[in-house]
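Keep in mind it's a predicted model, so treat the numbers as computed, not measured. For the single chain, residues carry numbers from 1 onward in sequence order.
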Amino acid sequence: MLWLQSSPATLHLHAIVCRRSASRYFAVARWIHAGPSTPLYESKYAERLQQKAQEQGLDLSELRTQAKEAARRKEVANVKSARLSQAHPQRLNKSPSELVRSKVSGTSSVRKDSSPVKALESIINVQRLMSTPHTAEQISALWTTYHASRTAGTGRGFICASVPIKLYNKMLAIGKQYPMFVIPVPREGSSAVSPEGQESAVAHEFYFLQWDFHAPPLPPSATGPDLFSRAPPSNATALPQTATVLFTPLQEYKLRQSFATPYLILTFYPDFAQTHGIVLLRGEITPSAATAAAIPSPGTPAARFLLSQIDAQLLAMGVQKFYLWGNESEDSSQKGDQKAEKLLRQFHEQPEEFNWADLLEHARLTS
């Protein structure tokens, strides 16, 4: 959560207004409690005041003194409460990333396990898949076919895959240890300069990568989750954590930090990890502002996105390159794994030794 912030000039003006408002509040409050004319007030309610004084065993002067003191204490308490609320503004209900994710997914539904990730049940019919026999290959094929039918049958705006549980657990462990990195995406046809000022023969756009981890989902079943069960799943039946990976252009992240808009969000769904040994991967490309604001209609032009399908695939492959070390990675050699591991460790543990040229060279050799 982030606190709402103000500039020094705004805070100075705010302090002046608070002081003036407080003094004005005291003046108005005194007028309200004192009334326009004390003699008129006492003459109108003399009988009631006398009765009240007799009930409390006081005379009118003592009763008047007590009333004024009570009014003064109430004024002080109100002013303190007003100043406290002004000095501590209300926090944002959602983090920027959660707000962006809700806009991309197009829904405000919240998972029953308190995770901000869109539940797998809202994408595919998990109960039907569990009620009839399906192999891991069949579920992967259905997952691919579903996303290929999105965006008017073009599949644009989405990428998908299925990951063996063994590889997912490995990526999960490395992602928790090194949750941030930078992935270069080539831009053919022009030369460019790296963030350190080093020239490159081919232009690259750098994307800031950030892992996020959420509570694991409930184990899937043919009858659906038990909404009335309060007992958490045991360690024997608990699924791996759900994970997301956000990609944001490095330049935009430098300017806006956590308020930067992610261009691609990868979500790993471990719902079938125990039953079928796979984790479903879904990538959502953020639509452009014009596409997000447009009302769908038959005459609406093709949707536009902040990232191309090819670039989204390259970023997803970047996660595999830098977060899978060892022989489990089928498309890279042991030497390439060692280079990726070295770059990832340097980025976090020895940033002064991190070399952008080495990153670009590794990306070129493994592309």
Side-chain angles (χ1 to χ4, degrees), residues 97 100-101 104 157-161 163 167-168 170-188 190-196 198 200-213 243-258 260-268 281-286 305-325 329 331-333 336-351 353-367:
S97 61
V100 171
R101 191 180 297 117
V104 174
F158 296 93
I159 61 174
C160 66
V163 182
L167 298 185
Y168 176 70
K170 189 174 185 65
M171 285 194 298
L172 202 65
I174 299 176
K176 290 181 178 180
Q177 188 175 4
Y178 304 111
M180 296 176 292
F181 197 57
V182 177
I183 303 294
V185 175
R187 295 286 181 258
E188 301 292 342
S190 61
S191 60
V193 178
S194 71
E196 284 186 342
Q198 300 171 347
S200 175
V202 178
H204 288 79
E205 185 175 6
F206 293 89
Y207 283 83
F208 180 74
L209 171 157
Q210 185 173 8
W211 285 82
D212 202 1
F213 306 96
T244 55
V245 184
L246 277 64
F247 293 91
T248 308
L250 183 59
Q251 291 300 325
E252 182 171 349
Y253 183 81
K254 287 181 178 180
L255 293 175
R256 304 182 64 189
Q257 296 292 320
S258 58
T261 301
Y263 280 29
L264 172 66
I265 301 176
L266 301 181
T267 305
F268 293 90
L281 167 63
R282 172 186 173 97
E284 298 177 81
I285 307 174
T286 305
F305 297 89
L306 299 181
L307 204 63
S308 68
Q309 295 291 124
I310 296 177
D311 289 347
Q313 292 283 359
L314 291 175
L315 291 174
M317 290 173 59
V319 177
Q320 181 178 356
K321 290 178 183 178
F322 291 98
Y323 286 88
L324 278 180
W325 306 335
S329 182
D331 64 343
S332 61
S333 64
D337 291 343
Q338 293 175 355
K339 185 66 174 179
E341 179 181 357
K342 179 182 178 182
L343 288 169
L344 191 58
R345 290 184 184 277
Q346 285 181 342
F347 186 82
H348 284 265
E349 300 171 359
Q350 300 171 317
E353 297 183 9
F354 182 80
N355 193 315
W356 292 92
D358 292 342
L359 175 64
L360 295 177
E361 180 64 16
H362 179 71
R364 183 185 67 83
L365 294 175
T366 57
S367 60

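Under the side-chain hydrogen bond (donor to acceptor under 3.5 Å, both in side chains) criterion, Tyr178 pairs with Arg345, Glu349, not counting sequence neighbours. Remark: Gln309 engages Arg156, Ile159, Ile285 in a side chain to side chain contact (heavy atoms under 4.5 Å, CB included) (not counting sequence neighbours). Every residue two or more places apart in sequence or in another chain that forms a ring-ring contact (aromatic ring centres under 6.0 Å, His included) with Tyr253 is listed here: Phe208. Not a single side-chain hydrogen bond (donor to acceptor under 3.5 Å, both in side chains) links Lys342 to another residue, sequence neighbours left out. Shown here are the side-chain hydrogen bond (donor to acceptor under 3.5 Å, both in side chains) partners of Glu205, two or more places apart in sequence or in another chain: Arg187, Tyr207. Tyr323 meets the ring-ring contact (aromatic ring centres under 6.0 Å, His included) test with Trp211; sequence neighbours excluded. Shown here are the side chain to side chain contact (heavy atoms under 4.5 Å, CB included) partners of Leu255, two or more places apart in sequence or in another chain: there are none. For Ala161, the side chain to side chain contact (heavy atoms under 4.5 Å, CB included) test picks out Leu281, with sequence neighbours left out.
Applying the side chain to side chain contact (heavy atoms under 4.5 Å, CB included) test between Leu315 and each of Val185, Val245, Ile310, Leu266 identifies Val185 as the sole match.
Residues Phe181 and Phe322 place their aromatic rings such that the two centres sit under 6.0 Å apart.
The distance from atom OG1 of Thr248 to atom CG of Leu306, rounded to the nearest 0.5 Å, is 10.5 Å. Here His204 contributes atom NE2 and Leu359 contributes atom CG; the two are 8.5 Å apart, rounded to the nearest 0.5 Å. If you take CE on Met171 and NZ on Lys176, they are separated by 13.0 Å, rounding to the nearest 0.5 Å. Once rounded to the nearest 0.5 Å, the distance linking CG of Leu307 with CD of Gln313 reads 10.5 Å. Here the CZ atom belonging to Phe158 is positioned 4.5 Å from the CZ atom belonging to Arg282, to the nearest 0.5 angstrom. Of the inter-residue distances, the one linking Ile183 atom CD1 with Leu250 atom CG reads 11.5 Å to the nearest 0.5 angstrom.
Classification of the Trp356-Phe206 ring pair by plane angle, with boundaries at 30° and 60°, yields perpendicular.
Side-chain atoms of His362 do not come within 3.5 Å of backbone N or O of Lys321 as any donor-acceptor pair.
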Exercise for the section: For the pair Leu172 and Tyr168, evaluate side chain to side chain contact (heavy atoms under 4.5 Å, CB included) and give the outcome as yes or no after the intermediate values. Expected result: CA-CA 6 Å; Leu172 202 65; Tyr168 176 70; 3.6 Å; yes
Handout entry: Asp358 and Lys339: CA distance, side-chain angles, deciding distance, side chain to side chain contact (heavy atoms under 4.5 Å, CB included) verdict
Key = CA-CA 9 Å; Asp358 292 342; Lys339 185 66 174 179; 3.8 Å; yes
Handout entry: Worked verdict on Leu209 versus Leu246 for side chain to side chain contact (heavy atoms under 4.5 Å, CB included)
Key = CA-CA 6 Å; Leu209 171 157; Leu246 277 64; over 6 Å; no
Practice task
Begin from the C-alpha positions of Tyr263 and Asp311 and carry the test side chain to side chain contact (heavy atoms under 4.5 Å, CB included) through to its verdict.
Solution key: CA-CA 10 Å; Tyr263 280 29; Asp311 289 347; over 6 Å; no
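Here the closest non-hydrogen pair linking Pro186 and Leu314 is CD-CD1, 4.2 Å. The two residues Gln210 and Met180 come nearest to each other via the heavy atoms CG-CG, 4.2 Å.
Contact annotation: the side chain of Val182 approaches that of Phe347 to within less than 4.5 Å [non-hydrogen atoms, C-beta and beyond]. A heavy-atom distance below 4.5 Å is not found between the side chains of Phe268 and Thr244.
Pairs passing the salt bridge (charged side-chain N to carboxylate O under 4.0 Å, His left out) check and including a residue from residues 244-253, sequence neighbours excluded, read Glu252-Arg256.
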